[in-house]
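As the structure lists them, so they are numbered: ligands from 1, and atoms in each ligand from 1.
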Amino acid sequence: LQKKRDTKGLPLPPGPPPLPFVGNVVGIDTDHPWLAYSRWGAEYGELVYSRLFSQDIVIINSERVAHDLLDRRSHNYSTRPPGLMHVLDFFGTEFASIFLPYSDRWRLHRRIFHQAFRLEAAPSFRPIQMRNAHNLILNLLASSEVYGSHLHTFSTSIIMSIVYDYSTAPLNDPFVALVERSLEISVRELRPEVAAVVSEFPILEKLPPWLPGASFVRGAILQRTLVPMIVDTPFEHVKKNMAAGTAAPSMVSDALRRISEKAINEEEVAVLEKAIKEASASGYAAASETTTSTLYVFLLAMVLYPEVQARAQAEIDSVIGEAIERLPDWDDRASMPYINAVIQETLRWFPVVPLGIPHATVNDDVYEGLYIPKGATVMANTWSMARNPEKYPNPTKFMPERHMSKVAVEEPPNGRDDISFAFGFGRRVCVGRHVADASLFAAVVNILAVFRVERAQGWNIGPDAEGVKWTGGVTTHPVFPCIFTPRHSKERVSQLIKAQR
Ligand code: HEM
């Protein structure tokens, strides 16, 4: 029976009436819960309360409330839901920085990331990002029918180079395939909705894996075999290179070097080494799927909005020459306001982490007279923020122009640009956002310089993208066919890529 809650005489935020015991399970598409949460937002407002079994869930539907709670009261809203951590434990991924509770261990991980990914460090990765964008172009020229796999290789290879100085093969890298398999499981299972069900029915973890419906258990078994390979192999690669004196700078080698420069005891060294190993293994989970999914959204926009694509290409051509005298480079970015606006609009149009990564409250709180319980899962519904018609008129339309007056090539003074919500809030805001932004630029500008991205014959979807199939999970991306028609000869492009290396 549901325990009567003491809300100290205050109302909970409004929300849909729960069913006894199960709470608000009806009407939620569990693969795409942001759709139901956004509908509730329209009905109940900026802050919505719902319950999934015994788990309190608070959904924030506006940037205003997200900044008030997740930024301004971050001391209370920076941990992660305990139920989710339990699921991570079951999958053997409890070390993942992104899901760590607010603790000294998390602070240590965050510091390791910050050293490598802070704004001032981001430009040092540009050669890696451009080299991988060129590989992406070559792969698309060779086999564009598997474009999704090439996007994945692009995102994962960049992060592997930055974190480990580990060079993946430009195509069909076995390690990238391993990461892809592991991420597929994480994206599907590591969500608050799954955590709420598992917390209520711990028996689910005990189901024999062969039982139909025990895919959760099968996923966990597979993940536990993948994790040691993913965590140990690249880390050992760095240590071996360091011992041989051949290690190039990377997040891991730099962090390990910093330890050796400090006079600390063996125990502290062990703690730091473990944190470096865990943080680095969390890095590509956080970076790969998000960057890949954002590029899918970009391609969808190019297919559905040929006029936007034409304008973007005209801008690129005006900088590098219509007959493609060279490929675009970093210095061109300042002369490409429309391309920058396309990137911003891509992040807004369909945020690929639609509910962010769930935060949780450490203590009870009261906000505008509403009671927010301790231990509540708090989700920032970026999907609904991106569709705020007051900030973004005609929100379902892809309109880069809406960012033109606001696009800043450099970081804005308060660190918060027009679409900062896509990268989360408060003390848990995405540490990789500067690097992500540069990777997106490298991929977008090169794809548009070399290809016309076109609609596959018979694929009849309108500009609102209504009817497109989206993957489900923590991150989401559209699944659709598209055609890459080269705008220049393959030989010319290969020649230019060689010249720029
Ligand atoms: C377009 C690409 C990306 C998007 C849309 C994105 C989005 C996000 C979001 C929404 C969060 C959750 C923030 C919160 O809890 O409020 C997050 C966290 C995080 N992101 Fe990203 N991200 C991207 C790329 C990257 C990259 C390239 C890295 C590189 C390592 C990265 C590393 C992380 C980490 C480590 C966290 C966890 C932060 C913490 O819990 O303290 N992300 N990201």
Parallel, tilted or perpendicular for Phe117 and Phe113, by the 30°/60° rule?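 Tilted, since the angle between the ring planes falls between 30° and 60°.
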For Tyr166, all residues meeting side chain to side chain donor-acceptor pair (under 3.5 Å), sequence neighbours excluded: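 In terms of side chain to side chain donor-acceptor pair (under 3.5 Å), with neighbours along the sequence ignored, Tyr166 is linked to no residue.
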Any nitrogen or oxygen of [X], main chain or side chain, under 3.5 Å from a nitrogen or oxygen of ligand 1?
X: Thr294; value: no
X: Thr291; value: no
X: Val435; value: no

I need the protein N, O or S atoms closer than 2.8 Å to atom 21 (Fe) of ligand 1, given as residue plus atom name.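 Listed by chain and number: Cys430 SG.
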Aromatic ring centroids of Tyr37 and Trp383 under 6.0 Å?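 Ring centres of Trp383 and Tyr37 not closer than 6.0 Å.
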Answer side chain, backbone, both or neither: which part of [X] comes under 4.0 Å from ligand 1, heavy atoms only.
X: Phe113; value: side chain
X: Tyr284; value: neither
X: Met379; value: neither

Under 4.0 Å from any heavy atom of [X], which atoms of ligand 1 are there?
X: Ile159; value: 29 (C), 30 (C)
X: Arg110; value: 38 (C), 39 (C), 41 (O)
X: Trp106; value: 39 (C), 40 (O), 41 (O)

Cation-pi check, Arg387 to Phe350: give yes when NZ or CZ is under 6.0 Å from the six-membered ring centre and within 45° of the ring axis, no otherwise.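 Ring-cation test returns yes.
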Tell me whether Ala422 reaches ligand 1 (any heavy atom closer than 4.0 angstrom to a ligand atom).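 Yes, Ala422 has heavy atoms under 4.0 Å from ligand 1.
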Close approach, His109 and ligand 1, non-hydrogen under 4.0 angstrom: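 Flag not set, His109 not near ligand 1.
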From His434 atom NE2 to Arg118 atom CZ, the distance as rounded to the nearest 0.5 Å: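 Separation between the atoms: 10.5 Å.
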